[in-house]
Amino acid sequence: MAVTQDHIQEAVAYIKDQCTVAPEIGLILGSGLGILADLITDEVVIPYNDIPHFPVSTVEGHEGELLIGMIEGRRVVMMKGRFHMYEGYGPETTAFPVRVMKELGVNSLLVTNAAGGVNTDFTPGDLMLITDHLNLTGRNPLTGPNDNALGVRFPDMSTAYSPRLIAVAKEAAAAHNFEFKEGVYAGLLGPNYETPAEIVMLRRQGADAVGMSTVSETIVARHAGIEVLGISCITNMAAGILEQPLNHAEVMETAERVREQFLKLVLAFIPKM
Ligand code: HPA
């Protein structure tokens, strides 16, 4: 279903009725990383179900709430739980909240996800700054008529992930004696994990990590003129690298294991976003 200005405005009007804070930073949290929600103060919590035209998140380990409040003196809006195309939503629907964030006043966005490590130098538990992505979902959230009020027909993607924000994140990490991995995120439709042959193909194509989210949100954010910082939590090595099957429990366990580190870093760079 096409996203229209009316849908965006109705969702925004409802949210503005619930809270007076105009957020400047958006946060979209992937599997197991919802813990960031604990850091928000003075928050207003709005269930997705209550927001006009918001889809409903269905996957285990994700929750469906929008939180608006403060982190380290910055006004933030946080999606606790996101929408995936494998749930059956179109790419424009998965990225609808980004449109809403833009209209609320957001100009920079942190997107996080759980991802499989394709780069064999990675280890589960690593945090990877996304330097670029491969949209391999076969879909694009910007197809159909372009609304020029939302963005240009042919948006530039040469710096999809903001070099400025990457520098900010690296600097904050260095101050905590931490080093991010960096690399290219391949976004696939899912929901099955990849085959070993697909992982070999992805590595040859330049991917360092693979997951089932993020690319639609980033494309819409760039269309809307929002700066994007992306971080993947490498929760497992991708299929075929180790002689063991992949499962969602492992993904959640690893995300849980790195959460303290993750929180510390996010707290360090949010003030500079
Ligand atoms: N593949 C795709 N998505 C994922 C993976 C993976 O190995 N791990 C966490 N999300």
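Counting convention: from 1, in listed order, for ligands and their atoms alike. Sequential numbering from 1 along the given sequence is applied to the chain's residues. What you see is a predicted model, and the numbers here were worked out from it, not measured in a lab.
- Which parts of ligand 1 touch Val251 is read off a 4.0 Å heavy-atom cut-off, strictly below it: atoms 8 (N), 9 (C).
- No side-chain donor-acceptor contact under 3.5 Å links Asp147 to the backbone of Gly151.
- If you number the atoms of ligand 1 from 1 as listed, the ones under 4.0 Å from a heavy atom of Leu246 come out as 7 (O).
- Note: an N/O pair closer than 3.5 Å links Glu194 and ligand 1 by distance alone.
- Contact annotation for Thr235 and ligand 1: only side-chain heavy atoms (C-beta onward) come within less than 4.0 Å of the ligand.
- Looking at Glu227 and Arg222, no side-chain N of the basic residue comes within less than 4.0 Å of a carboxylate O on the acidic one, giving no salt bridge.
- Remark: the Asn146 side chain and the His223 side chain contain an N/O donor-acceptor pair separated by less than 3.5 Å.
- In this model, a donor atom of one side chain and an acceptor atom of the other lie less than 3.5 Å apart for Glu87 and His84.
- Counting heavy atoms closer than 4.0 Å to ligand 1, residue Ala239 contributes nothing at all.
- Counting only N and O atoms by type, the side chains of His133 and Tyr161 include a donor and acceptor under 3.5 Å apart.
- In terms of protein heavy-atom proximity, atom 5 (C) of ligand 1 is nearest to Gly116 N, 3.4 Å.
- Shortest contact from atom 3 (N) of ligand 1 to any protein heavy atom: Gly211 CA, 3.4 Å.
- Among all protein heavy atoms, the one lying closest to atom 7 (O) of ligand 1 is Asn236 ND2, 2.9 Å.
- Taking atom 10 (N) of ligand 1 as the reference point, the nearest protein heavy-atom neighbour is Ala114 O, 3.3 Å.
- Which parts of ligand 1 touch Met212 is read off a 4.0 Å heavy-atom cut-off, strictly below it: atoms 2 (C), 3 (N).
- Under a 3.5 Å cut-off, the side chain of Thr159 and the backbone N or O of Ser162 do not form any donor-acceptor pair.
- One N or O on the side chain of Asp208 and one on the backbone of Val184 form a donor-acceptor pair closer than 3.5 Å.
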